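Every value quoted in this text rests on a predicted model; they were computed, and no experiment measured them. One-based numbering along the sequence shown.
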Amino acid sequence: MLAHAGHDLSLTSRSGAAVLPDVATIPADLLQPEAARQLCQGRDVVFHLAGIAHQQAAAVDYQRLNVDASLVLAEAAIACGVEIFVYVSSSRAAVGDSTSDHYGRSKFCAETALRERIDTSAMRLVIVRPSLVYGASVKGNLALLARAVRAHLPLPPEMGRRSMIGVEDLCRLLVQVADSGDSSLPILTVTDGENYSTRRIVT
């Protein structure tokens, strides 16, 4: 969406694997301050979506990649004069650090650390907590359900309720909050406004 709107982009992934066909993707380790600074140089907005999820990783790995790397990137953004830092967190962060889930706790800790650091700077922080994201090439539990559908497993019972959001709707929201200029935005927990049972998701 940003590319179609004509924005000048710097894209990164750890491996440098292409994100868009006509825009170079820079390989970067966000734990390295110099690499983070190179990404932020000359940029107005940083959209931070990097991290690990859906992995049986140790708590220390979630801390390093979801918390420590976020702070390194934020420091680089502040040093480079970035105006807006959009952090994509998770609805799991809402339970705070009391959960035994390493992923949810790491997202909560990252939010807390980013607020403490960025509140003392001129950069604006926007935190977005998506509910379960659906769309093409989904991962995690939705990918497991998709495999179950392809294997023609029986429909699950009509049970459970959870919120979801389409990936295109989430992207539109991220662009909108970056363009809004509203410095008083709260933490945004975003859904498509409906509740889904497991059976409905499978159907």
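Scored by the side-chain contact (heavy atoms from CB on, under 4.5 Å) test, Glu34 finds Arg37, Gln38 as partners (sequence neighbours excluded). Partners of Leu153 by side-chain contact (heavy atoms from CB on, under 4.5 Å), not counting sequence neighbours, listed by chain and number: Ala148, Ala151. Among residues two or more places apart in sequence or in another chain, the side-chain hydrogen bond (donor to acceptor under 3.5 Å, both in side chains) test is passed with Ser10 by Arg43. Qualifying side-chain hydrogen bond (donor to acceptor under 3.5 Å, both in side chains) partners for Ser90, counting only residues two or more places apart in sequence or in other chains: none. Legend: residues meeting ring-ring contact (aromatic ring centres under 6.0 Å, His included) with Tyr87, ordered by chain and number and at least two apart, are His48.
Here the straight-line distance linking atom CG of Leu114 with atom OG of Ser89 works out to 9.0 Å at 0.5 Å rounding. Note that OG1 of Thr12 is 6.5 Å distant from CD1 of Ile26, once rounded to the nearest 0.5 Å. Distance OG/Ser106 to CD1/Ile52: 7.0 Å, rounded to 0.5 Å. To the nearest 0.5 angstrom, Ile84 atom CD1 is 11.5 Å from Ile118 atom CD1. The line from CD1 of Ile127 to OG1 of Thr112 is 8.0 Å long, rounded to the nearest 0.5 Å. Note: Asp68 CG to Leu31 CG = 6.5 Å, rounded to the nearest 0.5 Å.
Residue pairs satisfying the salt bridge (charged side-chain N to carboxylate O under 4.0 Å, His left out) criterion with at least one member in residues 78-90, sequence neighbours excluded, are absent. The side-chain hydrogen bond (donor to acceptor under 3.5 Å, both in side chains) contacts involving residues 154-164 comprise Glu158-Ser197, where partners must be two or more places apart or lie in separate chains. Contacts classified as salt bridge (charged side-chain N to carboxylate O under 4.0 Å, His left out) and involving residues 13-29 (residues at least two apart or in different chains) are given here: Arg14-Asp29. Here side-chain hydrogen bond (donor to acceptor under 3.5 Å, both in side chains) pairs that include residues 145-156, with residues two or more places apart or in two chains, number zero.
The cluster map of Ile, Leu, Val, Met, Phe, Trp and Tyr, joined by side-chain heavy atoms under 4.5 Å apart, puts Tyr62 and Leu71 in different clusters. Using a 4.5 Å cut-off between side-chain heavy atoms of Ile, Leu, Val, Met, Phe, Trp and Tyr, with links allowed through other members, Val167 and Leu188 fall into the same hydrophobic cluster.
Grouping Ile, Leu, Val, Met, Phe, Trp and Tyr residues whose side-chain heavy atoms lie under 4.5 Å apart, directly or via other members, places Leu155 in a hydrophobic cluster with Leu132, Tyr134, Val138, Leu142, Leu145, Val149, Met164, Tyr196, Ile201, Val202. Under a 4.5 Å side-chain heavy-atom cut-off, the cluster of Ile, Leu, Val, Met, Phe, Trp and Tyr residues that includes Val67 has no other member.
The minimum heavy-atom distance between Tyr103 and Asn66, with the atom names listed, is CD1-ND2, 3.8 Å. For the residue pair Ala93 and Glu111, the shortest heavy atom distance occurs at CB-OE2, 3.4 Å. The two residues Leu65 and Ala69 come nearest to each other via the heavy atoms O-CB, 3.6 Å. Summarising the geometry of Ala50 relative to Leu30, their closest heavy-atom pair is CB-CD1, 3.8 Å, with the distance given to 0.1 Å.
Using a 4.5 Å cut-off on side-chain heavy atoms (C-beta onward), Val82 and Asp44 make no contact.
Around the CD atom of Glu194, the shell of radius 6.0 Å holds more than 12 heavy atoms that belong to other residues, nucleotides or ligands. For Met1, the CE atom counts as densely surrounded, since its 6.0 Å shell holds more than 12 non-hydrogen atoms of other residues, nucleotides or ligands.
Remark: the backbone N or O of Val88 is paired with a side-chain donor or acceptor of Lys107 at under 3.5 angstrom. Put simply, the side chain of Ser131 gets close to the backbone of Val190: a donor and an acceptor are under 3.5 Å apart.
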Dump the intermediate steps for side chain to side chain contact (heavy atoms under 4.5 Å, CB included) on Leu39 and Val46, then the final yes or no. CA-CA 9 Å; Leu39 290 171; Val46 168; over 6 Å; no
Side-chain polar contacts of residues 72-79 - donor-acceptor pairs under 3.5 angstrom, sequence neighbours left out - could you list them?
from	atom 1	to	atom 2	distance (Å)
Glu75	OE1	Arg117	NE	3.2
Glu75	OE1	Arg117	NH2	3.3
Glu75	OE2	Arg117	NE	2.7

